[in-house]
There are 2 protein chains.
Amino acid sequence: MQKRVKVTIEDVAAAAGVSRQTVSRVINNGPNVKPAVRQRIEAIVERLGYVPNISARRMGGARSYLILSINDRARTFENWQSGRGNDWVDQMLYGGMSECERHSYHIVLELIDTDSDSTIPQISRVVGSLRPDGVILTPPHCDNPALVGWFERQGIASARLGHREGGAHVDVFMDDAGAMREVTAHLLALGHRRIGFLAGPPSYGPSQQRRSAFEAALDEAGLPPAAGQVGAGNFYFDMAVGVLEAMLDSPEPPTAIIADNDKMAFAALHVAASRGLRVPDDLSVVSFEDTPAVRLSVPPLTAIRQPTAAMIGKACAQLIAISRGEEGLGAFELPYEFVVRASTAAPRA
Amino acid sequence: MQKRVKVTIEDVAAAAGVSRQTVSRVINNGPNVKPAVRQRIEAIVERLGYVPNISARRMGGARSYLILSINDRARTFENWQSGRGNDWVDQMLYGGMSECERHSYHIVLELIDTDSDSTIPQISRVVGSLRPDGVILTPPHCDNPALVGWFERQGIASARLGHREGGAHVDVFMDDAGAMREVTAHLLALGHRRIGFLAGPPSYGPSQQRRSAFEAALDEAGLPPAAGQVGAGNFYFDMAVGVLEAMLDSPEPPTAIIADNDKMAFAALHVAASRGLRVPDDLSVVSFEDTPAVRLSVPPLTAIRQPTAAMIGKACAQLIAISRGEEGLGAFELPYEFVVRASTAAPRA
DNA sequence: AAGAACTTTGGGAACGCTCACAAAATGAAT
DNA sequence: ATTCATTTTGTGAGCGTTCCCAAAGTTCTT
């Protein structure tokens, strides 16, 4: 029994002896349909293999059933082309697709240049054509006020990662400061007294939160300011290598390194290997992202596991809710995990 | 000047003093429009920020401007959850998005279970709703005859990875046997005489091609069959670890390992580290995938670089061509690269 | 038992575009 | 000029839904 893909709502209506509107009510779980009729229609939908046409739905004034994910072209390119372990997109996708699927939504990815003159035109083109119900802005797009404002003015709900204001947005984030406190406590407990932090870009909020928490934690532990060195690695492997080299060449080199993302943690592993330093004996390394790659590195990295998939999943869920006319805006904190693996140990005496 | 997203073709037509059909011709690059008129309309389109509504286009009987990418849920989940470096999806996306963008297409990813009773129903639902112009079947979906057949019967063009039959499909692949010959030649030239191959799953065509080429190459070099050990790692880290342990415990352990994908190459790195074997001095390792992660591992891996992004890009390009009514079916071989890095060296004397 | 008030169903219109074809304008050929 | 062929433009219909409102069928009041 070869099912045709082109079954329409009229086919179902005819088979059920009702009008299309009644069928429409059933497939949209609308009210005011007699249980018996509803059941009959559902059976026919099943039998005929009817699936609503997403384009027609959209034309009929309904939702688009599309969530747009806007990703930075440059970053994606860089990751694709030279970065290590951008499982980030994977995780994001996984979280997003799983959630969307539950509501018959679809996720469309688009590469957009950040902070260029053509950013808005590019987005305008995509949004105009796709008319998504909601948009997920991934870093660094979520930090671009022009862009965020554009969506607001267009009345399109947007979700941001790593922001916590909520308000007119769906914001999903984790407790960055708390995570950093855990990490520093772990290192201090091991006996480290000089710790380096390879920080992400200054424009990225969570990085700033982590940085402040880092400095505060060392201060609270009664260590002098010089105990904590902060270097700007900006999430880049190469930049992190340079910064770390300088740290290790300083008169009082750190015995432990906290990297703001995996790529910079791998840079630390590299620099250590190239200098004959053993991890964790000579240098402890902690990462602040924990994409899957981290678990299998040599040695496996101790890391804060950022709940990326969960964050995107939550973002989708809220956007979908909003598109249904339900409440959905707000700021949502998701739990991270601190996973201690083999890259941290007590410093050598 | 706040551009409204909701500019329609009628708005443009009115502004230009022509009919919607003429505007339609212009935006679709159709023939038979006076150059002057075309130019005038183009200017107005620009000024008004008009973008065709993808749903309306679809309803009008045109293409959907959507390419569907069907990915294995289990594999994606596994990668997401425990694998190392599934930059694969990244690369795929990058290649696909870049190509789609050039033609105002969009790429929609969907997770589908492989080889389950619900595979076809799942696909049927997604395809029925989205009505994509073409479909990219990624492994292992492209090896599922029921699925491939379904798309054929539905008259939806599908692209497969790693197949080379062409015919009713768009097939994109690389010269797997040639790549394997290069790898073995490299290792033999270094002086290796016992080589292990961690093979991918038997159902995956390219893996079989590599395996045959591996055995043939050793044979041609005049080595005894025992010189080449083949173990089934099935692309899994853990499985590869087990297989490799057994190889290394054999009376004549290999001095070089060829892994059929990166994840298994990392497994080799792990096993080596756990046994105190140094790479490349005690064990050479080559991978057959070369996702970005490989470049930054310690040591960086010698690898065949699979042209994943290019393959998906080509697949998209051909599917788009077909959707336009142009020729597009066929088998397309894309060039791989052999990149020698620091994980291969002459075996110890 | 008749109206009021709700529940259930259906019919027309609209969404924004592209088809297929018809009409008008242009140009070439006589 | 007139006809014919060709290029350019416009019109009506339709794609498959949902919206909006009206009609028919219930149930509840009094």
Side-chain angles (χ1 to χ4, degrees), chain A residues 4-41 44-45 48-66 104 127-131 133 323-325, chain B residues 4-42 44-45 48-66 104 125 127-131 133 323-325:
Chain A
R4 280 166 54 239
V5 155
K6 286 190 160 192
V7 182
T8 79
I9 200 170
E10 294 283 3
D11 296 331
V12 177
V18 298
S19 71
R20 46 186 157 67
Q21 185 54 37
T22 302
V23 178
S24 179
R25 284 190 188 97
V26 171
I27 60 178
N28 289 301
N29 277 311
N32 300 336
V33 180
K34 264 196 189 150
V37 176
R38 165 164 268 134
Q39 219 173 336
R40 181 155 48 93
I41 293 178
I44 291 172
V45 163
L48 262 44
Y50 166 71
V51 184
N53 178 322
I54 201 175
S55 301
R57 272 188 150 167
R58 173 83 265 210
M59 291 305 295
R63 309 176 255 153
S64 70
Y65 291 85
L66 255 28
S104 303
V127 168
S129 148
L130 242 29
R131 308 287 168 92
D133 287 338
S323 80
R324 291 188 163 145
Chain B
R4 281 168 53 239
V5 155
K6 286 191 162 194
V7 183
T8 77
I9 200 171
E10 295 282 4
D11 297 331
V12 177
V18 297
S19 72
R20 47 188 154 68
Q21 185 55 35
T22 303
V23 178
S24 177
R25 285 190 187 98
V26 170
I27 59 178
N28 290 301
N29 277 309
N32 300 336
V33 180
K34 262 195 191 152
V37 176
R38 165 164 268 135
Q39 219 173 335
R40 181 156 47 95
I41 293 178
E42 272 165 355
I44 291 173
V45 164
L48 262 43
Y50 166 71
V51 183
N53 178 321
I54 200 176
S55 301
R57 271 187 151 169
R58 172 84 265 210
M59 291 306 295
R63 308 177 256 154
S64 70
Y65 290 85
L66 255 28
S104 303
R125 210 165 308 133
V127 168
S129 149
L130 241 30
R131 308 286 169 94
D133 286 339
S323 81
R324 291 189 162 144

J.: With 3.5 Å as the limit, what N/O pairs link the protein to nucleotides 4-8 of chain C?
T.:
residue: C:dT8; atom: OP2; partner: A:N32; partner atom: OD1; Å: 3.1

J.: Sub-3.5 Å donor-acceptor pair from the side chain of B:R25 to the main-chain atoms of B:N32, do we have one?
T.: no
J.: Taking the side chain as everything from C-beta on, heavy atoms only, tell me whether B:R57 gets closer than 4.5 Å to B:N28.
T.: yes
J.: With the sugar-phosphate defined as primed atoms, P, OP1 and OP2, and the base as all remaining atoms, what B/S/- string results for nucleotides 13-20 of chain D, 5' to 3', for protein heavy atoms under 4.0 Å?
T.: BBBBBBBB
J.: Does any non-hydrogen side-chain atom of B:V23 lie less than 4.5 Å from one of B:V26?
T.: no
J.: Heavy atoms only: give me the nearest B:L48-B:A15 pair and the separation to one decimal.
T.: CD2-CB, 4.4 Å
J.: A:A56: which residues meet the side chain to side chain contact (heavy atoms under 4.5 Å, CB included) condition with it, sequence neighbours left out?
T.: A:N53, B:M59
J.: Taking all heavy atoms of A:Y50 and all of A:I9, pick out the closest pair and write down the distance.
T.: CE1-N, 3.5 Å
J.: Tell me, please, which residues at least two apart from A:Q21 pass side chain to side chain donor-acceptor pair (under 3.5 Å).
T.: none
J.: Tell me which one of A:V18, A:T22, A:I44 satisfies side chain to side chain contact (heavy atoms under 4.5 Å, CB included) with A:V12.
T.: A:I44
J.: Taking side chain to side chain contact (heavy atoms under 4.5 Å, CB included) as the test, write out the residues that go with B:Q39, two or more places apart.
T.: none
J.: Can you check whether B:T22 has a side-chain N or O nearer than 4.0 Å to OP1 or OP2 of D:dT9?
T.: no
J.: When the C1' atoms of the five terminal pairs at each end define the local axes, what inter-axis angle does the helix from C:dA1-D:dT30 to C:dT30-D:dA1 show, to 10 degrees?
T.: 40°
J.: Write down the atom of B:S19, the atom of B:A13, and the distance for their closest heavy-atom approach.
T.: C-CB, 3.7 Å
